[in-house]
Every structure is written in C-alpha cells, then in structure tokens.
Amino acid sequence: MLDVVVLGAGQAGLSAAHHLLRRGLEPERDFVVLDANPGPGGAWRHRWPSLTFGGAHAIHDLPGMPLGEPDPAEPASAVVARYYGDYERRFGLPVHRPVAVRRVGSTTGDDAGPLRVTAEDGAWETRLLINGTGTWDRPYWPHYPGRELFRGRQLHTHDFRGAEEFRGQHVVVVGAGTSAVQFLLQLERAGATTTWSTRRPPQFTGRAFDAAWGRDVEHRVAERTRAGLPPLSVVATTGLPLTPEYRAGIEAGVLVSAGPLQALVPDGVVLAGGRHVRADAVLWATGFRASLDHLAPLRLREPGGGIRTDGVRVLRDRRVLLVGYGASASTLGATRAGRAAAREAVRLLAGSSVAAAR
C-alpha cells in the first residue's frame, strides 16, 4: 500500500514528486511515479523536430535544478528530455516506465477507501493519487461534413514532424492557436502554399505576457474549473502574442485567416460563403483535451462536462489531486501545482488514520 501514486512524469508530475521527497516521503515505499513514455521528457519528447528550444513557449525550471541556457537552435524535444532525465537521476525520483495506466478505481466501492491503479502489466494500491497526465494523448479532431471524402492527407498537430515534406503542396491549416501560426510560417518557408481557416478572427494581442497577465489567465481558467466546466484552449484565454515575426507574417498575408471551414470535399475544402480551396493536405491544429479517461470509474465529471476543482483538489473525491489541468496547464503553473499537490497530499495523510498506519 502506497501513500501516493503520481501519474505522469511531465513538469507537474516531477514537481509533485520532488516536493513529496522534500516533505519526507520515501521513494518506492511511500510513493512512485508512473509514466507512459519509454523515456523522460513528458509530452515534449513528442514535439516535432523543427520546434527549437528558442521557438518554443517558455520552459520553466523544475524546483531545485535550473534548466540553464540551452542552445536555442536545439530541438526542444531533445532539450527537455535531457533536462527531465537529469532531474530524475539527480533527485532519485522513482519513475516507472513505460506504464500505461488504463483504470483508476476505488478498492471499496466508495470514496473513503484506497484507490487501485491498474495498468496493462501491473497494479498499485494507494491512498492518494496525484494525476498529471496532461493532454498529448487526446488530440482533438473536430467533426466537419466530408472529412471521410477528402482524398488528400489529414494530420493533427500530434502527428506533425516537419514542414519540408509539404514542399510544393497546398496545405489548409485549421485552428487559431500558436501551433497553427507556427505551422503556417514553417510551411511557407519550406516552399508550401497555405490557407488558414479559423472559426473566429485570430486574437492577436500586444499585451505583454508578464506576471500580471499570467495571474489574469489563471484566474479566468480557474473560474471555469470551479464551475465544473471543461477548460478552454490556451489561445481562447491568452490570445496570440503580436511578436515581430507574427507581424511580418500578417503583412505578408500568411497569417491572415480565410474564415471558418464549412466542409471538406474530395479535392479540398469549402470555406464560409461557399469558397472552394483546393488542397493537398489538411493540418488540424485544433488542440487537445485533458487525458482523463482512466479516471472515469471515479465519476469525477460534473454535468457541465468538466471536473470541479479548488486549486488542485477535486471536489468530488478528496483522494484525487489534479495537476497540469485547468489553470495549471502551463509549465509555470504545472510547477506550482506540483508543489501544491504535494503539500495537500501530506496534509491529508497527516490528518487521517493513514499516519498511524505508516
């Protein structure tokens, strides 16, 4: 019987594990970390090779070990995988991988007893769960009429590897987030032509992405999760930073939306107003959803479709702490959430009969 199982060895999971260690929990005896990946790096290990460290969103330090100043031209996937691996070794964090957890349920049929964490090749019983499974395993493919009719290639952000393979082709990029913007610029540089389709006009903003901005974003996201609503996409909350590179893309006509997508047809797409655009490929930069299917047996979702939380605490089940969800989905927020989850876990353990059983 473990005190805590941490699911996911990304930013949030590693932060939580570090703080559990600092608060006196012993690796393997009191807690373990289960990760579905074959090696360190979390979702970052899957990012496309052309996404460099310099071109990625800010990657914040994990507690107790600064990232330093990597080569901005190195792929972000390599930088983060190396950093996370070094971090795990330095602090002796008990990461088991690859472990694909399929189900988390209650061993007693109520919300008072231990939890059983079941994977394909093993199971763990634990008093508390810190869930940091992120979103990478749940790419969102919106439904549009004719998707099955399109004869070209369709791929999601999850599957993108590089722009060079689209040289000489026309690519329709669907989505209004940062990934869509980066894909459009990369495709243009690689010799492809593009059409950008967004449901609403792109939300470029000149506001500085500083600490005050971050607090405002977290406040707005937290309002939704407290109400039991699914978190919005990042761009719906933050907007797109109007960087010099993005300004140039707008002026060149690359970062100008052609409007909403209505349907796909065999040789392309139909946009609002009936405009037909021939396409060789459609790139769905339509985001991700929280990867939480394994928690379904616990019935945590509210009628609104989300999981109601107060910070990292799940209000329907005190045994479950969510990190990297809602307001803590950014790397900075995930680091803070890991600390908060470890603190809450230790508080819960100390305040129950668990303390006497350890």
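Note that these values count all heavy atoms, side chains included, but never hydrogens, waters or copies made by symmetry.
Across all non-hydrogen atoms, the minimal contact from Pro49 to Arg161 is CD-O, 3.0 Å. Looking at every heavy atom in both residues, Val5 comes nearest to Thr126 through N-OG1, 3.3 Å. Residues Asp159 and Trp141 come closest through the heavy atom pair OD2-CZ2, 3.9 Å. Listed here is the closest heavy atom pair of Ala176 and Ala180: N-CB, 4.5 Å. Considering every non-hydrogen atom in both Ala12 and Gly324, the closest pair reads CB-N, 4.0 Å. Listed here is the closest heavy atom pair of Ala345 and Val4: CB-CG2, 4.2 Å.
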Using the side chain to side chain contact (heavy atoms under 4.5 Å, CB included) rule, take Arg127 and Leu348 through it: C-alpha gap first, then chi angles, then the decisive distance, then the call. CA-CA 10 Å; Arg127 297 176 173 94; Leu348 289 170; over 6 Å; no
Applying side chain to side chain contact (heavy atoms under 4.5 Å, CB included), run through Val265 and Leu149 and close with a yes or a no. CA-CA 6 Å; Val265 291; Leu149 302 177; over 6 Å; no
Mind running side chain to side chain contact (heavy atoms under 4.5 Å, CB included) on Val323 and Leu321 for me, showing each step along the way? CA-CA 7 Å; Val323 294; Leu321 303 166; 5.5 Å; no
Step by step, work out the side chain to side chain contact (heavy atoms under 4.5 Å, CB included) result for Ile59 and Phe53. CA-CA 9 Å; Ile59 300 169; Phe53 178 76; 3.7 Å; yes
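The environment of CZ in Arg247 is sparse: at most 12 heavy-atom neighbours from other residues, nucleotides or ligands sit within 6.0 Å. The number of heavy atoms from other shown groups lying within 6.0 Å of CD (Glu148) is above 12. Residue-environment remark: CZ (Arg22) stays at or below the threshold of 12 foreign heavy atoms within 6.0 Å. A 6.0 Å sphere centred on CZ of Arg199 holds no more than 12 heavy atoms belonging to other residues, nucleotides or ligands.
Put simply, OG1 on Thr135 and CG on Leu292 are 10.0 Å apart, with the number rounded to the nearest 0.5 Å. How far CG of Leu21 is from CZ of Arg23: 12.0 Å, rounded to the nearest 0.5 Å. Rounding to the nearest 0.5 angstrom, the gap separating the NE2 atom in His158 from the CZ atom in Phe288 is 6.0 Å. Note: Arg313 CZ to Arg318 CZ = 9.5 Å, rounded to the nearest 0.5 Å. Distance check: Leu349 CG to Leu25 CG gives 6.5 Å after rounding to the nearest 0.5 Å. Expressed to the nearest 0.5 Å, how far CG of Asn131 lies from NE2 of His294 amounts to 3.5 Å.
Under the 3.5 Å distance criterion, the side-chain polar atoms of His19 are left unmatched by any main-chain donor or acceptor of Ala341. Counting only distance, with no hydrogens or angles, the side chain of Tyr325 and the backbone of Thr309 share no donor-acceptor pair below 3.5 Å. Looking only at distances, no side-chain donor or acceptor of Arg308 sits under 3.5 Å from a matching main-chain atom of Arg316. Side-chain atoms of Thr118 never come within 3.5 Å of backbone atoms of Arg102 as a donor-acceptor pair (strictly under, hydrogens ignored). Between the side chain of His60 and the main chain of Leu67, no donor-acceptor pair closer than 3.5 Å is present. No donor-acceptor pair closer than 3.5 Å links the side chain of Tyr84 to the backbone N or O of Gly39. Ser15 contributes a side-chain N or O that, together with a main-chain N or O of Thr335, makes up a donor-acceptor pair within less than 3.5 Å. A distance-only check finds a donor-acceptor pair linking the side chain of Arg167 to the backbone of Ala190 [under 3.5 Å]. Not one N or O on the side chain of Glu26 forms a donor-acceptor pair closer than 3.5 Å with the backbone of Gly24. Panel note: side chain Thr133, backbone Ser291; a donor-acceptor pair is recorded below 3.5 Å.
Val314 has its side chain out of reach of Leu298: every pair of non-hydrogen atoms, C-beta onward, lies at least 4.5 Å apart. Residues Leu240 and Gln203 are not in side-chain contact: their nearest non-hydrogen atoms beyond the backbone lie 4.5 Å or more apart. Pro297 has its side chain out of reach of Val104: every pair of non-hydrogen atoms, C-beta onward, lies at least 4.5 Å apart. Using a 4.5 Å heavy-atom cutoff, the side chains of Asn37 and His46 are in contact. Residues Tyr87 and Leu93 form a side-chain contact, since some pair of their non-hydrogen atoms from C-beta on lies under 4.5 Å apart. Between Leu255 and Leu185 there is a side-chain heavy-atom pair separated by less than 4.5 Å. Val117 has its side chain out of reach of Leu2: every pair of non-hydrogen atoms, C-beta onward, lies at least 4.5 Å apart. At a threshold of 4.5 Å between non-hydrogen side-chain atoms, the residues Leu322 and Val312 do not count as touching.
Transitive grouping of hydrophobic side chains (ILVMFWY, heavy atoms separated by less than 4.5 Å) keeps Val171 and Leu261 in distinct clusters. Taking hydrophobic clusters as Ile, Leu, Val, Met, Phe, Trp and Tyr residues chained together by side-chain heavy-atom distances below 4.5 Å, Val256 does not share a cluster with Val172. Residues Trp136 and Val79 are members of separate hydrophobic clusters, defined by side-chain heavy-atom contacts under 4.5 angstrom among Ile, Leu, Val, Met, Phe, Trp and Tyr. One hydrophobic cluster, built from ILVMFWY side chains closer than 4.5 Å, cannot hold both Leu155 and Val174; they sit in different ones. Hydrophobic clustering places Leu34 together with Leu129 (ILVMFWY residues linked when any side-chain heavy atoms are closer than 4.5 Å, directly or through intermediates).
Legend: residues meeting ring-ring contact (aromatic ring centres under 6.0 Å, His included) with Tyr246, ordered by chain and number and at least two apart, are absent. His170 meets the ring-ring contact (aromatic ring centres under 6.0 Å, His included) test with no other residue; sequence neighbours excluded. With sequence neighbours left out, Phe183 forms a ring-ring contact (aromatic ring centres under 6.0 Å, His included) with Trp48, Phe160. Here Tyr83 pairs with nothing under the ring-ring contact (aromatic ring centres under 6.0 Å, His included) rule; sequence neighbours left out.
Residue pairs meeting the side chain to side chain donor-acceptor pair (under 3.5 Å) criterion with at least one member in residues 249-275, sequence neighbours excluded, are Thr198-Ser257, Asp267-His276. A ring-ring contact (aromatic ring centres under 6.0 Å, His included) check over residues 105-132, counting only residues at least two apart or in different chains, returns nothing.
Side chains of Gln186 and Ser50: a donor-acceptor N/O pair is present below 3.5 angstrom, by distance only.
Ring-plane geometry between His18 and Phe91 is classed as perpendicular, the angle between the planes exceeding 60 degrees on a 0 to 90 degree scale with a lower cut at 30. Aromatic ring orientation, Phe204 versus Trp196: perpendicular (interplanar angle above 60°, classes split at 30° and 60°).
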